[in-house]
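A short write-up of the structure that comes next.
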Amino acid sequence: MSRIWVKGGRRLQGEVTVQGSKNAVLPILSAAVLNPGITELEGVPDIADVRVGIEILRSLGAEIEWQGHRLSIDGRGIRPEPVPEELGERMRSSVLFLGPLLARFGEASVCRPGGCAIGKRPVDLHLEGLRQLGAKFDLSEERIHGRAAELKTVQIRLRLPSVGATQQLVMAACGVTGMVTLSGCAREPEVEALCCFLEAVGVAQIRGAGTSRIRILGGGCCRSTRFFVPGDRIAAGTYLAAAAGTGGTLNVQGISPWQLKRTLQLFRRMGCRIQTGEDFIRISGRAREAVPYLATAPYPGFPTDMQSAFLTLAAAAEGKSVLEETIFESRLSLAEELNRMGAGILVCGRRAEIPGGARLHGASVRGSDLRSTSALARAALMAEGESRVEGWEHAERGYESFTEILSELGGMIRKETEKEENSKVLKNETEEPKVLL
Ligand code: EPU
């Protein structure tokens, strides 16, 4: 368990170049299995989930070189080995190795991704779609073992626009010699990024990426390729929200504003000034206005991954806001931690009533997933006094150098050092040290 210390009350000011997208690069790492040549990726973020993805590729036999943000994957030695449990269990995206392994080798074995702090997150849509493509599964409580003598041309309709299921089926369809049509697809930019990558590798021709109907003509010839991972829209939104919460001014570089359309609309509605260019977003002013009703929705709707940002800003805004979480049933558990800081949020099922007008104060709080942990850090930057945020390892799954970046922007925030952590364990201390920041 790792933790950070934060002292609130400072405005964030400056510029940040956003990291490569976590949710784009993770499926691309599994799609690299399809390429028996060399895949070179630029803009790969140095985050815990990427490290797990790389270890999975190594366990399958890939040769990997990783320098800075450049990753080179030599796929010649890849074999359909079972994905080791100790790696697969650490990241839900490990299930995305199923489709590409089935497509290239006709065999795949991955762990069952368990439930997690944001909801149950089943993989029924992934398996239903793969079955329609011709795969057969042996399922145990721990593992999913799939086989497919041949994947076949088919039309599949997804019951829900699941991001992961769409990506899984697009990758599996690359192994079909012929056309596969998927409808009811997720339209998230990360699905589009995966399709661009697959086309760049040459394994398939893909039409309709970014729409709800995607057609994949698989069976192409792979070639060594170099691909740039797009900027992370959720990390960009996270930094913008941090500035909006402290009334600061921030320029976020390396992100296309159209990917954040609904999020930027929300910041404007809350009273922030937004300027955009082709690959930057500038925000200034504090988010002060309440929003009577906001619901999360699949893309292009307001993203569930930005819900925690809204909850934090709405707590301090003037007047009552209501938020409905429609994607992940357990994501509002963040409210309980924000209430320790004085937010006063009332949660009933998937609906949160945020009275607004809170003067947040420092507290000891705990994040239970990636986005809630980073939201608590932002709330602590807005609050009066000092806070301790536990569970920082969740944030490190998806944000590169988060505390360093916010500290450069003027925030008083730092991670507890290993030395501090060890000395506390030795002395069996549970209390915080006297000098924090
Ligand atoms: N669902 C099913 N069955 C399935 C798959 C999904 O019922 O087989 C349900 C889920 O339980 C959920 C809804 O469909 O209620 C949407 O889930 P989806 O499959 O779209 O999400 P995902 O692919 O598991 C990705 C991101 C999430 C992001 C969601 C929604 C990655 C690695 N993860 O998850 O990102 O919240 O799409 O946009 O791409 C994060 O970055 O913090 C994060 C959780």
Side-chain angles (χ1 to χ4, degrees), residues 19-31 45 47-50 52-53 56 90-99 110 112-132 137 139 144 156 158-171 184-194 212 229-230 232-238 259-260 262-263 296-309 324-334 350 367-375 391 394-400 402:
Q19 67 186 57
S21 164
K22 167 182 89 78
N23 290 348
V25 78
L26 293 177
I28 288 173
L29 289 180
S30 37
I47 52 176
D49 276 10
V50 163
V52 174
I56 293 177
R90 280 163 58 191
M91 178 176 80
R92 182 181 157 85
S93 298
S94 59
V95 78
L96 292 181
F97 282 87
L98 257 185
V110 300
R112 260 181 192 281
C116 82
I118 60 174
K120 285 196 213 87
R121 305 182 81 182
V123 288
D124 53 334
L125 297 172
H126 299 231
L127 300 184
E128 273 172 32
L130 291 171
R131 281 193 184 104
Q132 287 181 62
F137 292 99
L139 303 175
I144 302 171
I156 300 173
L158 284 159
R159 282 183 282 116
L160 275 174
S162 154
V163 177
T166 304
Q167 293 168 331
Q168 183 84 276
L169 299 179
V170 166
M171 291 188 282
C185 296
R187 292 184 280 165
E188 268 70 1
E190 294 76 19
V191 173
E192 240 183 302
L194 172 67
S212 57
V229 178
D232 192 316
R233 65 189 168 107
I234 305 301
T238 300
Q259 294 193 356
L260 275 157
R262 296 301 288 269
T263 305
T296 59
Y299 194 85
F302 182 73
T304 172
D305 293 342
M306 286 302 297
Q307 178 252 91
S308 60
E324 205 162 327
E325 170 56 55
T326 68
I327 312 285
F328 291 116
E329 62 273 20
S330 311
R331 249 190 172 167
L332 286 174
S333 59
L334 164 68
R350 289 173 173 242
S368 52
D369 71 277
L370 165 59
R371 306 301 171 191
S372 70
T373 312
S374 69
H394 296 298
E396 289 175 335
R397 292 183 57 181
Y399 293 100
E400 181 175 335
F402 189 84

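First listed ligand is number 1; within each ligand, the first listed atom is number 1. Just so you know, these numbers use all the heavy atoms, side chains as well, and skip hydrogens, waters and symmetry mates.
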In the protein, which heavy atom is nearest to atom 10 (C) of ligand 1, and how far is it?
-> Phe328 CE2, 4.1 Å

Side-chain ion pair, Arg159 and Glu128, N-O less than 4.0 Å | yes

With a 4.0 Å cut-off on heavy atoms, is Lys22 touching ligand 1?
-> yes

Check whether any N or O atom of Leu26, backbone or side chain, sits under 3.5 Å from an N or O atom of ligand 1, and answer yes or no.
-> no

Nearest neighbour of atom 20 (O) of ligand 1 from the list Thr304, Thr326, Val163, on a heavy-atom basis = Val163

Selection from Glu190, Arg92, Gln167, Arg371 by shortest heavy-atom distance to atom 41 (O) of ligand 1 = Arg371

Can an N or O of Leu125 be found at a distance shorter than 3.5 Å from an N or O of ligand 1?
-> yes

Record the part of Tyr299 in heavy-atom contact with ligand 1 below 4.0 Å; permitted values are side chain, backbone, both and neither.
-> neither

Ligand-residue contact atoms, ligand 1 with Val123, heavy atoms, under 4.0 Å | 8 (O)

Return yes if a side-chain donor-acceptor contact under 3.5 Å exists between Arg233 and Tyr299, otherwise no.
-> no

Lys/Arg N to Asp/Glu carboxylate O, Asp232 vs Lys22, below 4.0 Å | no

In terms of heavy-atom contacts, Ala236 and Leu260 come closest through CB-CD1, 3.9 Å

OG-CD1 distance between Ser94 and Ile56, expressed to the nearest 0.5 angstrom | 5.0 Å

Any side-chain donor paired with an acceptor under 3.5 Å for Ser308 and Arg331?
-> no

Could you check atom 22 (P) of ligand 1 against the protein and tell me its nearest heavy-atom contact, residue, atom and distance included?
-> Arg121 NH2, 3.7 Å

Distance from atom 14 (O) of ligand 1 to nearest protein heavy atom, with residue and atom | Leu160 CD1, 3.6 Å

Ignoring hydrogens, just give me the one of Pro298, Pro122, Pro303, Gly164 whose non-hydrogen atom is nearest atom 5 (C) of ligand 1.
-> Pro122

Provide, to 0.1 Å, the distance between atom 26 (C) of ligand 1 and the closest protein heavy atom, together with that atom's residue and name.
-> Asn23 ND2, 3.6 Å

Under 3.5 Å: donor-acceptor pair, side chain of Thr166, backbone of Ala186 | yes

Counting from 1, what ligand 1 atoms have a heavy atom of His126 closer than 4.0 Å?
-> 8 (O)

Based purely on interatomic distance, does Arg331 place a nitrogen or oxygen under 3.5 Å from a nitrogen or oxygen of ligand 1?
-> yes

Is the closest N or O pair between Ser93 and ligand 1 shorter than 3.5 Å?
-> no

Close side-chain approach of Ile47 to Val25, heavy-atom, < 4.5 Å = no

Shortest protein heavy-atom distance from atom 19 (O) of ligand 1, along with the residue and atom involved = Ser162 OG, 2.6 Å

His394 versus Leu370, closest heavy-atom pair with distance = O-CD1, 3.5 Å

Among non-hydrogen protein atoms, atom 43 (C) of ligand 1 lies closest to Asp305 OD1, 3.4 Å

Distance-only polar pair, side chains of Gln307 and Glu325, donor-acceptor under 3.5 Å | yes

Could you tell me the residue and atom name of the protein heavy atom closest to atom 3 (N) of ligand 1, and the distance to it rounded to 0.1 Å?
-> Asp124 OD1, 2.7 Å

Does a side-chain heavy-atom distance below 4.5 Å link His126 with Leu98?
-> no

So, is Ile327 polar-close to ligand 1, with some N/O to N/O distance under 3.5 Å?
-> yes

Check: Gln19 side chain, Gly398 main-chain N or O, donor-acceptor pair, under 3.5 Å = yes

